[in-house]
Every structure is written in structure tokens, then in C-alpha cells.
Amino acid sequence: MENFSLTKKEVEKISGNTYLIRFNEWIDFEPMQFVMVETPNSVVRKPFGLGSWQGDLALCVEILGEGTKYIVHEAVKLNVHGPCGNDFVPPNKNGLIIAAASCLAMAHEAFKRWDVEVLMCSREEFEMDVRPFRKIVGDESFLKTLRELKGYDWYLTLGSPQMCRIAYGILKTKGEVFTTMDSYMACGIGACRGCAIETKEGLKHVCIDGPIFRGDVVWI
Amino acid sequence: MENFSLTKKEVEKISGNTYLIRFNEWIDFEPMQFVMVETPNSVVRKPFGLGSWQGDLALCVEILGEGTKYIVHEAVKLNVHGPCGNDFVPPNKNGLIIAAASCLAMAHEAFKRWDVEVLMCSREEFEMDVRPFRKIVGDESFLKTLRELKGYDWYLTLGSPQMCRIAYGILKTKGEVFTTMDSYMACGIGACRGCAIETKEGLKHVCIDGPIFRGDVVWI
Amino acid sequence: MDLKVPLVIASGVGGMGEYLKLVDPSCIGAYTLKTITLKSKVGNPPCRLIATKDYLINSIGLENPGVDEFLRRLKDGEYNWIFEKVKVILSLGGDNLDEYRLVAEKVKDVEEKFVAIEFNFSCPNVEKGGLGVVTDLSNLERLLGILRKTLKSFLIAKVGIEGIFVEYFAKMLENNGWNGISLINTIRALKFVDGKIFKGGLSGPVLKPIALRAVYEVRRVTSNLFVIGGGGISNEEDAKEFLMAGADAVSVGTIIYKNPKIVERIAESLRRGRL
Amino acid sequence: MDLKVPLVIASGVGGMGEYLKLVDPSCIGAYTLKTITLKSKVGNPPCRLIATKDYLINSIGLENPGVDEFLRRLKDGEYNWIFEKVKVILSLGGDNLDEYRLVAEKVKDVEEKFVAIEFNFSCPNVEKGGLGVVTDLSNLERLLGILRKTLKSFLIAKVGIEGIFVEYFAKMLENNGWNGISLINTIRALKFVDGKIFKGGLSGPVLKPIALRAVYEVRRVTSNLFVIGGGGISNEEDAKEFLMAGADAVSVGTIIYKNPKIVERIAESLRRGRL
Ligand SMILES: Cc1cc2nc3c(=O)[nH]c(=O)nc-3n(C[C@H](O)[C@H](O)[C@H](O)COP(=O)(O)OP(=O)(O)OC[C@H]3O[C@@H](n4cnc5c(N)ncnc54)[C@H](O)[C@@H]3O)c2cc1C
Ligand SMILES: Cc1cc2nc3c(=O)[nH]c(=O)nc-3n(C[C@H](O)[C@H](O)[C@H](O)COP(=O)(O)OP(=O)(O)OC[C@H]3O[C@@H](n4cnc5c(N)ncnc54)[C@H](O)[C@@H]3O)c2cc1C
Ligand SMILES: Cc1cc2nc3c(=O)[nH]c(=O)nc-3n(C[C@H](O)[C@H](O)[C@H](O)COP(=O)(O)O)c2cc1C
Ligand SMILES: Cc1cc2nc3c(=O)[nH]c(=O)nc-3n(C[C@H](O)[C@H](O)[C@H](O)COP(=O)(O)O)c2cc1C
Ligand code: FES
Ligand code: FES
């Protein structure tokens with residue numbers, strides 16, 4: 001856990017409103033860990049999953065509001081702290097990551113370390129080469145592909161709560177499902193107690209108990 | 001008293017940080033009345049003396065902070081209300097107006113209506129043709145000229161509190177002295193009671209009792 | 001209280017009707033006059049104002065001519081033009097509990113001119129009175145009873161968030177037969193201006209989340225009181241939120257200084273919302 | 001209270017020492033732990049936070065393991081690493097006056113580990129207790145006496161601006177032999193988020209003018225109390241203003257979320273100011 005100042009090296013559009021940002025600096029992290037990023041539009045920092053691309057430290061950011069717009073289009077340097085959250089230790093078996101465009105860099109680092117397959121999903125066409133990953137574009141295709149999936153022991157879904165929730169509904173009978181959980185954060189390090197979510201095992205804190213949870217613990 | 005929307009016609013630098021702004025619209029007013037101008041940098045409007053130049057309605061604005069900067073450099077349209085304050089009825093005698101650059105347009109309208117002489121003062125060189133008015137540049141020259149003045153029955157000083165205060169000290173023995181008074185304002189129309197100043201005759205309100213006061217009432 | 005638009009001009013901000021020159025009177029449900037106290041007050045020494053884009057701090061100190069002079073002017077017809085244009089709420093205050101009682105006595109025979117009488121229990125800018133009265137709860141409660149008996153009017157208390165919880169005050173009002181509560185007044189604040197201390201009451205946009213909560217908490221404990229909600233209302237959306245939080249009408253204050261026309265826009269949106 | 005830098009980390013914001021990983025401990029005069037209550041609390045249901053550039057509203061609800069579990073962890077050495085790095089202030093709370101008394105009893109034999117003990121009389125996010133205790137003044141005053149007798153520590157009260165005037169509370173503290181007062185806690189607030197009501201305590205920059213005034217008013221009536229001033233401090237200038245308004249030390253809260261390094265800058269400026 002440390003303070004870092006990251007300088008942007010390159011910004012590329014992945015698809016839709018989602019961008020890949022590579023940095024000049026490197027932070028040591030484990031897959032699924034995240035950083036808290038300062039933006040001028042909020043008194044709290046905002047969480048973004050750590051990843052890599054072409055050997056550089058990378059964040060993927062979907063523009064939703066002022067903060068993400070700032071990160072993608074305005075910032076030159078970012079004040080961040082991290083790495084936050086737990087690393088995820090995948091079951092020692094045959095798994096698949098299903099990732100939204102905003103989780104490309106996260107998925108990529110996991111792919112490198114775990115030797116796992118990755119399926120990249122997006123509502124809009126990809127405008128970037130995301131090889132070696134397979135691409136799925138559009139809701140229909142997403143649902144169809146997920147329904148047809150077989151042969152994996154576990155799945156890890158990375159993306160919006162809605163996407164992960166839907167994927168869980170389809171995949172829960174096919175293997176163990178793990179998922180990112182979303183929560184409003186202030187500290188990212190267990191201090192503020194703001195990132196609580198309700199789970200079957202009681203309240204959990206996304207920043208110190210997550211960010212990855214078992215699907216059957218957080219959803220019915 | 002009305003709401004107006006003024007559109008800028010032309011902005012010219014008078015001297016230093018002070019600009020003359022002419023507008024496409026006209027507001028009927030008496031010399032020395034002012035308008036309250038909305039700026040994005042404050043929850044209250046700010047007062048500026050009404051005047052004219054080359055037949056157009058004009059305000060002269062010295063850039064001091066964010067509000068005046070906005071008015072001069074950014075605004076296209078200004079929301080204002082006015083005319084506020086009393087018109088000043090000059091003694092029916094031989095008078096002189098001593099005006100800072102920020103009061104050029106005010107002085108000009110008074111000149112037109114009252115057939116009075118005007119002395120324009122500025123710390124910095126004039127960058128605009130202020131004819132037919134005589135110019136005084138710099139502190140020394142200002143003090144010297146004022147000390148040498150004679151032959152007027154009354155004087156009206158228009159400018160910063162400091163300038164008017166100093167002028168009063170020099171002129172008070174030479175004739176009747178009238179002066180603008182400065183005060184923080186919220187409404188400009190007598191509602192908020194915020195623009196109170198202390199005078200020998202008790203508290204006065206610049207917006208409804210002024211903006212012009214007799215020097216010997218507000219100063220020793 | 002029957003208002004054609006659920007919007008009132010907050011006390012003090014609009015002085016003695018001056019903004020009727022800049023805001024279409026048909027947009028105003030009621031116009032609250034500047035608080036009148038038993039004795040005249042010259043107010044606080046200048047400087048009295050400091051503003052930023054997010055707030056205004058004022059230190060007017062209830063400058064007003066006192067109730068006797070006010071009544072003289074009223075009887076002389078000086079305010080007739082206001083009554084011709086809008087419904088008027090009279091705001092009253094005093095330096096101590098006794099003065100509240102006395103000022104109420106004084107206005108007894110003109111009370112029917114006003115759509116409501118609002119007692120200001122929360123002016124932060126006077127040494128005595130104003131906020132001070134809420135520190136003596138049992139006497140305050142007794143006073144509420146006396147004022148209720150003295151006047152037949154629709155009685156409103158103007159309450160701030162300091163010194164006493166708004167919901168406790170609201171319960172007391174309800175128990176004593178009062179009709180309404182006006183929330184919130186300015187909050188005591190301090191700002192350094194060129195290294196010097198400037199003290200006054202905070203108003204404007206920064207108040208909104210605090211004022212919304214006050215309205216909500218009061219509405220939770222009382223259903224009878226007419227709640228006038230305000231503090232930081234700057235636009236149509238803000239006004240709607242106060243109604244959603246439980247207010248029966250909104251009050252607009254500081255925003256009128258930024259742009260009187262916004263009051264008309266807010267009124268228009270409230271009218272449409274009612275249909 | 002002897003602090004090498006007149007800067008404390010505000011209770012709750014810094015959890016149980018987590019920010020010692022991101023802020024140089026030598027910059028911190030004292031680190032206040034999250035409020036510990038008699039019974040454990042799971043806290044409020046999510047969502048618990050909403051932020052803008054001007055403020056944070058939190059609805060944590062004093063989530064904490066309760067005093068017994070806290071003491072177990074303390075005795076097991078779980079917090080030793082904190083004590084090795086900084087002076088620590090313990091923050092305590094309860095659901096009613098009795099629980100304050102009981103929680104004080106419980107910590108009696110560990111009190112010398114802390115540079116001070118702060119009682120939180122002002123958490124706006126719990127239904128009972130917190131803010132509620134200030135509504136019963138005579139019992140509150142009695143409690144202050146009892147707590148003073150129970151503990152030998154440097155005793156601080158954390159006070160908000162609602163329910164009771166800060167200066168009244170300060171006088172009560174002084175009369176009962178307390179050592180300090182920490183001003184201000186969050187203010188109850190409400191925000192509509194996607195049309196839904198979100199309630200919590202307001203912190204961050206918007207509090208500054210209100211908090212400065214609270215410090216000023218308290219300093220006016222007491223000279224003995226150690227005043228920790230905070231609420232909206234965002235930079236060196238803000239911190240200096242709190243000292244100028246009468247604080248003996250400043251507390252930093254929400255700003256640590258925006259940038260932990262700012263705490264170091266503020267500390268540095270305070271250190272320089274002392275020379
Ligand atoms: C552990 C974690 C990892 C994440 N990783 C990524 C990522 O790699 N890429 C990505 O694009 N997004 C990621 N997100 C989501 C991202 O943090 C939000 O989209 C971002 O904060 C929105 O900021 P904004 O200012 O643009 O939006 P706003 O306009 O402020 O809000 C838009 C949405 O973002 C949410 N949000 C705002 N502030 C916060 C905050 N402080 N904490 C959490 N949520 C907030 C709001 O609830 C709202 O729904 C992650 C979220 C979490 C919890
Ligand atoms: C009756 C009257 C007529 C004026 N006419 C002119 C004029 O013709 N030309 C001109 O250049 N200036 C005039 N001024 C001064 C002008 O109003 C201020 O310079 C202006 O408000 C500064 O705004 P700002 O945002 O740039 O400055 P800020 O950075 O906000 O403050 C700079 C200075 O302006 C003063 N000020 C800020 N807001 C107000 C306010 N609402 N009311 C009064 N003072 C304020 C502050 O006290 C401060 O000293 C007049 C003032 C008065 C009282
Ligand atoms: C300049 C000024 C004068 C005020 N005078 C009074 C007053 O005399 N009586 C009163 O009850 N409230 C007074 N107030 C408080 C307002 O009525 C209102 O409650 C407060 O400003 C909060 O609302 P706002 O944020 O919409 O302005 C005054 C406020 C301002 C800004
Ligand atoms: C997330 C969060 C949790 C808090 N928890 C506590 C707490 O447990 N005890 C307490 O006394 N104050 C608590 N506070 C209040 C802070 O200590 C501080 O008084 C308040 O936030 C105002 O200061 P600031 O504007 O610098 O944040 C909390 C504040 C926040 C934002
Ligand atoms: S974000 Fe603060 S505890 Fe998780
Ligand atoms: S500016 Fe409001 S009364 Fe003069």
C-alpha cells in the first residue's frame with residue numbers, strides 16, 4: 001500500500017465509452033487488486049482495477065460521469081494509492097474470465113499469470129485489437145455465448161453489476177462463479193466502512209473482503 | 001427598476017486593468033445610478049456604475065477578481081437589474097468631476113447632461129482616447145494637479161475609496177466635495193440592508209441613500 | 001395556509017417588498033417581510049456581507065425600525081402597495097422571551113392583514129434573542145403557548161438547526177397549537193477575509209443538504225404542521241426536492257440576489273408540478 | 001495534551017490506523033480511532049456514501065466490534081503497530097447515557113495507553129445515542145461528571161452543532177473538569193440520489209465556515225479547554241484559519257480520502273508556523 005503518481009503514456013479507445021490508459025510507471029500488484037484515483041470532481045477517490053497491456057501498467061475506464069471523463073480526457077498525472085483489495089487465487093482448474101471492456105487490462109494480467117482463457121464482452125463494436133482474446137459484441141450474442149459455454153470448472157465475471165448478475169444466472173449451474181462487486185468507496189483500505197454490501201454471510205466490505213466474491217455468497 | 005439582459009457590443013481597454021464595455025441595448029438612467037450584474041462566481045450580483053460612450057450604454061470595469069474578469073473577458077450577455085441608486089443633482093454652480101478610469105462612462109454621461117468638466121485619472125497610461133477629457137497619469141501627477149486646482153465651487157470624485165479619500169483631503173477646503181462610496185452589496189435596491197456604511201449622520205445605505213455622498217458626511 | 005403557488009420569499013432577504021419590482025407578483029405565494037422586533041435596531045456595523053459562488057454570509061443584525069414605527073407606517077398606508085400585489089407574512093422577533101410576547105400584543109389589531117405571522121426564533125446575528133431563546137426550553141414552551149393565545153393568525157415558527165433539534169421544536173409547536181414551521185434559518189459561520197474575522201449567518205447553496213434533512217426530520221414527527229422548506233434553493237429541481245422531502249411550500253432566499261427571474265422559473269415549475 | 005504536531009486524524013475517517021500506511025506517522029500529532037460503542041454495531045445498510053466535489057455524506061452507522069472485542073484485540077496486541085507509530089486517541093460512544101458510563105468503566109484499565117479519550121456525543125447516523133444524548137441536558141451534565149470521575153485520562157468531548165449550542169456544551173465540559181472539546185462532527189444531511197432519499201452526516205469542505213465559527217464561539221467562552229478544530233479542512237490555509245479562530249490543534253477528516261499526502265503538507269505548514 002503506497003501513494004503513487006502515475007503519468008499517462010497512451011490512451012486508446014476500446015469500445016463505446018471505454019478507454020485503455022497505459023502509464024509510464026509500474027505498480028506491483030496481484031490480479032484483481034485495484035487503485036483509488038483522485039479526481040477533482042469528488043472529495044473521495046474512485047476505484048479502478050489494476051491491469052497491464054503491452055508490458056505497461058494499465059487501467060481501463062468507462063466514462064460514466066465527471067470523474068471518469070477527467071481521468072480519460074483531461075488528466076496528465078493521476079494521484080492514486082494502492083494496490084487495494086485482495087488478490088484472487090483461482091481454483092487450480094480449468095477456468096474462464098468473462099470481462100467487460102472496462103476490465104480488459106485486469107483480465108489481461110490475470111491471463112498472463114494464471115494461464116486462463118478470456119472472453120471480452122461489449123455492447124458496442126471493439127475499436128481496438130484485443131487479441132488474443134475472443135470478442136463478443138451485443139447483448140444477444142453475450143447471452144447466447146454464455147448459454148452455450150461448457151467445459152469450464154470455474155468462471156470469473158468482471159464488469160458492471162448488471163452484467164455480472166446476468167452472467168451468474170446463466171453460469172451458476174455450470175461451475176463455480178466468482179464475480180467483482182461494485183460499491184461506493186471512500187478509502188479503499190478498510191478505514192471508512194463505506195463499501196459494505198449485503199451478502200448471505202452478512203455485511204462484507206468490498207475493499208478488504210473483495211473485490212472478488214463467490215456468486216453464491218452475494219446472490220441467490 | 002427592471003431586469004435587463006445586456007449583450008456586449010465592444011470591449012476596449014482604457015488603461016491598466018480597466019476596460020470600457022459598450023452594449024447593444026440601452027437602459028434609461030440618471031448619472032451616478034448603477035446596475036447589479038450577475039456573475040457565475042458569486043451568489044450575489046455586483047454593482048457597476050451606468051454610463052455612456054459614443055452613444056451606447058457603457059460600463060467601465062476594473063478587473064479585481066473573478067467576477068470582473070468574467071464580465072470583461074468571458075461574458076457575452078449580462079443579466080442585470082437597475083437602474084439602482086439615486087441620481088445626483090449637482091449644485092447649480094461651477095463643478096469638476098475627478099474620475100478613475102473605471103468611472104469613465106459614468107463621468108461621460110454626467111458631462112453630457114450637466115455640462116461639467118472632467119479630469120480622468122489613472123495610475124497607468126491611457127490606452128484609449130478619452131477626449132474631450134483631460135488626463136492625469138500617476139500618483140504624483142494626481143496629487144500635484146489636485147493641489148493646484150482652483151476656481152471650482154464643487155468637486156465630485158468617482159473612483160476607489162482610497163482615491164476618493166485622498167482627493168477629499170486635498171479638496172475639502174476648496175469647495176463642496178461629493179464622492180462615490182463603496183460597499184459590499186447583495187440586492188442594490190434597499191432590501192438586504194447589507195450595504196450599510198457609517199457616516200456622521202449615522203448608518204446609511206449606499207444603494208438607497210447613495211451612491212454619492214457629501215465628503216464631509218462620510219469623512220472627517 | 002392557502003397559497004396560489006407554494007413559494008414564499010424568505011424573511012429579510014426580500015426586505016419590505018422591494019423585490020416585487022423585479023419578480024412577477026403572481027409567482028409569489030406569499031412575501032415574508034423582514035423581521036420586525038419590539039425595539040428598533042440599527043443592525044450590526046459594516047461590513048455586513050461576504051459572498052462566494054456557494055454561499056453568502058450576512059451580518060445584518062436585524063436592522064429594522066421596531067414594531068411601533070412599523071405599525072405607524074402600516075397604518076399610514078406605506079405598505080399598501082405590497083398588500084395589493086401579494087399575500088404577506090409578517091415576521092416578528094425580540095431580544096428575549098418577554099419581547100416576543102410584547103411584540104405579539106402590539107400587532108394584535110392588524111393581524112388579519114397578514115396571511116400568517118412568523119416568529120423568528122433563529123436569527124444568528126443578534127447578541128441576545130434570536131437563537132438565544134431556544135436555550136431555555138421550558139420557558140420557550142410556555143412562550144409558544146402565550147403567543148398562540150395572543151394571536152388568532154396562522155402561526156409559523158422560523159427555526160434553525162442550532163441549539164435545539166428541529167424535530168423537538170416541531171413537536172413543541174404542534175403541541176401548542178401552532179400552524180407551521182419554516183426551516184431553516186442561516187447557520188452561524190465565520191470566514192477570514194484578508195486575515196480578518198467575519199462572522200454571520202450562512203445562506204445559499206451550501207445549506208441545501210442540511211435543510212432538506214431538517215424538513216425530512218420534521219415531517220417524520222409531525223403531520224399537522226405546514227412546513228415551509230428552504231435553505232439553498234437555487235433552481236426548479238431544488239424546490240421539487242424540498243417538496244419530496246416533506247415540505248408544503250418552499251422558501252427562496254439568497255438565490256433572489258443572484259437572479260430574481262429564477263424565482264419565476266421555480267414558481268412556474270411548482271405550478272406545473274401541481275397539475 | 002502534548003502533540004508534536006497540532007494535528008489529529010478525525011475519528012472514524014481513519015478507521016483503526018489504516019492511514020498510517022499512506023501518511024507519514026511523524027506528521028500526525030495523534031490518531032483518533034473509529035468510535036467504539038458498548039455493544040458491537042453492524043452499521044447501517046448499504047449504500048453508505050455519496051460524494052460530490054464539495055462534500056461527503058456518510059451513513060456508516062458506527063460500525064464497530066463493540067468494546068469487549070476491541071479490548072480483546074487490544075490485549076492480543078493487534079493494535080500494537082499503531083501505538084508504535086503514533087499517539088492514539090480512543091473514541092467511545094453508546095446508545096444512551098448509561099452505555100457511555102458502562103463503556104467508560106470497561107476501558108479503565110487500558111486508559112493509560114491513550115493520549116486522550118474522546119467521547120462521541122454527536123454521531124448523526126445512529127437512531128439512538130450519538131446526537132440523541134444532548135437532548136437531556138441535566139442528565140447529560142450528570143454523565144459528564146460521572147465520566148470525569150471514572151477516568152483519569154485527558155477527556156475530550158466530540159460535539160456537533162445540532163441539538164445544543166457548542167458554547168453551552170463547552171461550558172458544561174469545563175465545569176465538569178473535562179480537558180478538551182473536538183469540533184465539529186458531521187451535520188445531518190439528505191440528498192436525493194436518482195430520486196431516492198439518502199441520509200447521513202455531512203463532512204468535507206462545505207463545513208468549514210460553520211466549523212470555524214463553532215471553534216470561535218467555544219474559544220470565546222472557555223480558556224481552559226483544549227480545542228481540536230476541524231470540519232472541512234482541505235489545505236494548509238484552512239488549518240491555519242482554525243488555529244486563528246482559537247483551536248489548539250486541527251483535525252483532518254474527509255480530506256484524507258481525497259489525498260492522504262495533503263495531511264503531510266498541512267502538518268509541515270503547522271510545524272513551520274510553530275517556529
Ligand atoms: C473495486 C472496484 C473496481 C472498479 N474498477 C473499475 C475499472 O477498472 N474500470 C471502470 O471503468 N470502472 C471501475 N469501477 C467503477 C468506477 O469506480 C466508477 O465507474 C467511477 O467511480 C465513476 O466515477 P464518475 O465520477 O465518472 O461517476 P459519477 O458520476 O460520480 O457516478 C457514476 C457511478 O459511479 C459510482 N461511483 C461514483 N463514485 C464512486 C466511488 N468513489 N466508489 C465507487 N463507485 C463510485 C456511482 O455510484 C455512480 O453509479 C470499479 C468499481 C469498484 C468498486
Ligand atoms: C455603487 C457601486 C458602483 C460601482 N461601480 C463600479 C464601476 O463602475 N466599475 C468598477 O470597476 N467597479 C465598480 N464598483 C466596484 C465593483 O462592484 C467591484 O470591484 C466588483 O464587485 C468586484 O468583483 P470581483 O468579483 O471582480 O471581485 P472579488 O474578488 O469578489 O472582490 C474584489 C473586491 O470587490 C468587492 N466586492 C465583491 N463583491 C461585491 C459586491 N457584491 N458588492 C460590492 N463590492 C463587492 C470586495 O469587497 C473586494 O474588495 C462599484 C461598487 C459600488 C458599491
Ligand atoms: C441578507 C439576509 C437577511 C436575512 N434576514 C432575515 C430576517 O430578518 N429574518 C429571518 O427570519 N430570516 C432572515 N434571513 C434568513 C433567510 O430568510 C433564510 O432563512 C436563509 O437565508 C436561508 O435560505 P436561503 O439559503 O434560500 O437564503 C436573512 C438572510 C439573508 C441572506
Ligand atoms: C466515513 C466517516 C466516518 C466517521 N466516523 C466517525 C466516528 O466513528 N466517530 C466520530 O466521532 N466521528 C466520525 N466521523 C466524523 C469525523 O470525525 C469528522 O468529525 C467529520 O467528518 C468532519 O470533519 P471533515 O470535514 O474534516 O471530515 C466520520 C466521518 C466520516 C466521513
Ligand atoms: S472503501 Fe473504505 S472501508 Fe472499503
Ligand atoms: S445592497 Fe441591499 S440594501 Fe443596499
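Letters A, B, ... are given to chains in the order of the sequence lines, protein chains preceding strands, and every chain is numbered from 1.
- Put simply, of Gly15(C), Ser203(C), Pro46(C), the one with the most heavy-atom pairs under 4.5 Å next to chain B is Pro46(C).
- Both the backbone and the side chain of Ile50(C) come within contact range of chain B, each with at least one heavy atom under 4.5 Å from a heavy atom of that chain.
- Electrostatic pairing of Glu268(C) and Arg265(C) does not count as a salt bridge here, judged by no charged N lying under 4.0 Å from a carboxylate O.
- Two rings, from Phe88(B) and Phe178(B), have their centers less than 6.0 Å apart.
- Less than 6.0 angstrom separates the ring centroid of Phe70(C) from the ring centroid of Tyr79(C).
- Here Asn3(B) is the residue among Val37(B), Asn41(B), Asn3(B) with the most heavy-atom pairs under 4.5 Å with chain C.
- Taking the six-membered ring for Trp and the full ring otherwise, the centers of Trp53(B) and Phe23(B) sit at least 6.0 Å from each other.
- For a residue to count as touching a neighbouring chain, one of its non-hydrogen atoms must lie under 4.5 Å from one of that chain's; by this rule Thr254(C) touches chain B with backbone and side chain alike.
- The minimum heavy-atom distance linking Val116(B) with Gly95(B) is given by the pair CG2-O, 3.2 Å.
- A 4.5 Å side-chain heavy-atom check between Arg165(B) and Trp219(B) finds at least one atom pair inside the cut-off.
- In terms of heavy-atom pairs under 4.5 angstrom with chain B, the leader among Val13(C), Val42(C), Asn259(C) is Asn259(C).
- Between Ile60(C) and Asn44(C) the shortest side-chain heavy-atom distance does not fall below 4.5 Å.
- For a residue to count as touching a neighbouring chain, one of its non-hydrogen atoms must lie under 4.5 Å from one of that chain's; by this rule Glu2(B) touches chain C with the backbone only.
- Per-residue heavy-atom pair counts under 4.5 Å with chain C were compared for Ile197(B), Val44(B), Thr39(B), Asn79(B), and the maximum is reached by Val44(B).
- When His81(B), Met36(B), Arg45(B), Met1(B) are compared by the number of non-hydrogen pairs under 4.5 Å with chain C, Arg45(B) comes out ahead.
- Neither the backbone nor the side chain of Asn64(C) comes within less than 4.5 Å of any heavy atom of chain B.
- Of the atoms belonging to Pro45(C), heavy atoms from both backbone and side chain fall under 4.5 Å from chain B.
- For the pair Lys204(B) and Phe213(B), the cation-pi criterion (under 6.0 Å, within 45° of the ring axis) is not fulfilled.
- Of the two parts of Ile189(B), the backbone and the side chain both hold a non-hydrogen atom closer than 4.5 Å to a non-hydrogen atom of chain C.
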